[in-house]
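Accompanying notes for the structure given below.
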There are 2 protein chains.
Amino acid sequence: MPSAKDKGAVNNAHALPHPPAGLNKKTDRMPHFPSAVIRRLALYGRVLQILENNRTEKISSKALAEHMGLNSAQVRKDLAYFGQFGVPGYGYHVRSLRANLKRVLGTDRQLRLALIGAGNLGMALMTYGGFSRQGVRIVMGFDVDRRKAGSLRNGIPIYHVDDLEKRLRRDLVDIVALTVPSDAAQPLADRVGQTGVSAILNFVPCRLMAPPGVRIHDVDLTIEIECLSFYIK
Amino acid sequence: MPSAKDKGAVNNAHALPHPPAGLNKKTDRMPHFPSAVIRRLALYGRVLQILENNRTEKISSKALAEHMGLNSAQVRKDLAYFGQFGVPGYGYHVRSLRANLKRVLGTDRQLRLALIGAGNLGMALMTYGGFSRQGVRIVMGFDVDRRKAGSLRNGIPIYHVDDLEKRLRRDLVDIVALTVPSDAAQPLADRVGQTGVSAILNFVPCRLMAPPGVRIHDVDLTIEIECLSFYIK
DNA sequence: TAGATTGTTAATCGATTAACAATC
DNA sequence: TAGATTGTTAATCGATTAACAATC
């Protein structure tokens, strides 16, 4: 019997990534939905939006699957996780399916987002229109630069990061997007954890420890680039 | 063009005892590697970089797995896809494993990237330092606005999009990042397909048809937001 | 009704994890 | 040598796909 002694030869530096914190797998009391299914739900939504714009009234799982490059059984199964949205012999009513998916994803209500870090990427996101189309409203930005504090960008107020907790709480922010230098990310994530914010969209290329009750979602361009690099070798 | 068409030969002294797993696919030509494995490779690289900065010389699959929140067998299996990088009874030499992974991913050479669309996101990416750290050099930008053409941004020349094909070919661009309005995306992707560019990093929230020989990689913020929305309901 | 298509169960496929001989 | 840890095969787990009774 291999008595694998847990003997970390690594001196644990503070900057090291870490196993994902907290709730995972089946320890959740909530039913677990594969994250791939959730992502496909969002993608179905995009196809349905186009169909609705085209005045298409109904669609079969087979046709929807073809639009997405999937198997029709997978489409039916994905949708059946969340309800019986189809009609046998008919298919799915585009408009109602779309509305149902919005409800399931929670994109039928508005989310309030704050940006921490008003550098280039942060500023770009403030003027980026794509969020508002998905029901996300950027309600404020933060920066360490006192010259930026007090100004507006695209109508969005920028505050000094000293006021972070106060402002996030007062304006009931749901999501924070982190666009700061790597060193600053973890302390800011910890502070965000004190405020009732539910999720962090992390653009910083480092792994963050999630404060309790906060979901962290990484958007890591450098990792994407590295994957691309492999395939174009 | 990156002439490096060479097989990913294992620079380890040991010969591969077996062809890498995944060979028995429909196309016997190139072995197929799960994209999840490729992504983890990039993430291992990040952990190894930190370890190397900390002067850590060796690491076991178990310790590496813990840093990533994975199973140690998975780490060994992921690495073994591409060669025998470890030493039984010892583990992996951090520096050489990191070098090997860079070679496998192709991040040991410089990639040349052009940005199409010098709007907010495009401009932000031009000043974003994260790419250069991963060996990606942004060599030019394009825009439809003739006032932007001819100018520099962060030392990067911006050309008019009329010159797209000419410039991409002349400067041997490897990757194009698309940060344009949705309507413009597909025609531009088609034009890019004529130039020898190997990959498109698509920031536009719509599904593009890949021109032959071009790999498209979507970075879709609105989909990310919708997934987040589901979990914070 | 006859044809079409759903929701769901069973079969298949692929990816993760456990186990262990090889070996440093 | 004795202990540790690899690479690899076998077992398990989960996700995709096929099949089909239900039903509009």
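We name chains A, B, ... by the order of the sequence lines, and we start the count at 1 in each one.
Looking at Lys233(A), its side chain does come within 3.5 Å of a backbone N or O of Val104(B) through a donor-acceptor pair.
Regarding contacts with the backbone of dT16(D), a side-chain N or O of Arg40(A) is found under 4.0 angstrom from either OP1 or OP2. Residue Arg76(A) has no polar side-chain atom (N or O) positioned under 4.0 Å from OP1 or OP2 of dG7(C). The phosphate of dG7(C) (OP1 or OP2) has a side-chain N or O of Tyr92(A) nearer than 4.0 angstrom. The side chain of Ser61(A) contributes no N or O atom lying less than 4.0 Å from OP1 or OP2 of dT5(C).
The separation between Gln74(B) atom CD and dT6(D) atom P is 15 Å, rounded to whole Å. At whole-Å resolution of the value, CZ in Arg39(A) and P in dA15(D) are 15 Å apart. With rounding to whole Å, Leu70(A) atom CG is found 13 Å from dA15(D) atom C1'. When the P atom of dT5(C) is taken as reference, atom CG of Leu97(A) falls 16 Å away, rounded to whole Å.
In this structure, a donor-acceptor pair under 3.5 Å is present between the side chains of Ser72(B) and Arg76(B).
Between Val87(A) and Val37(A), the residue whose closest nucleotide on DNA chain D is further toward the 5' end is Val37(A). Toward the 5' end of DNA chain D, the nearer of the two residues Asp78(A) and Ala73(B), judged by each one's closest nucleotide, is Ala73(B).
In summary, Arg109(A) and Asp174(A) do not engage in a salt bridge, as defined by a charged side-chain N under 4.0 Å from a carboxylate O.
At a threshold of 4.0 angstrom between heavy atoms, the contacts of Lys62(A) with the nucleic acid are absent.
Looking at every heavy atom in both residues, Arg207(B) comes nearest to Asp218(B) through NH1-OD2, 4.1 Å.
Side-chain proximity of Lys77(A) to dT6(D), dT8(C), dT17(C): nearest is dT8(C).
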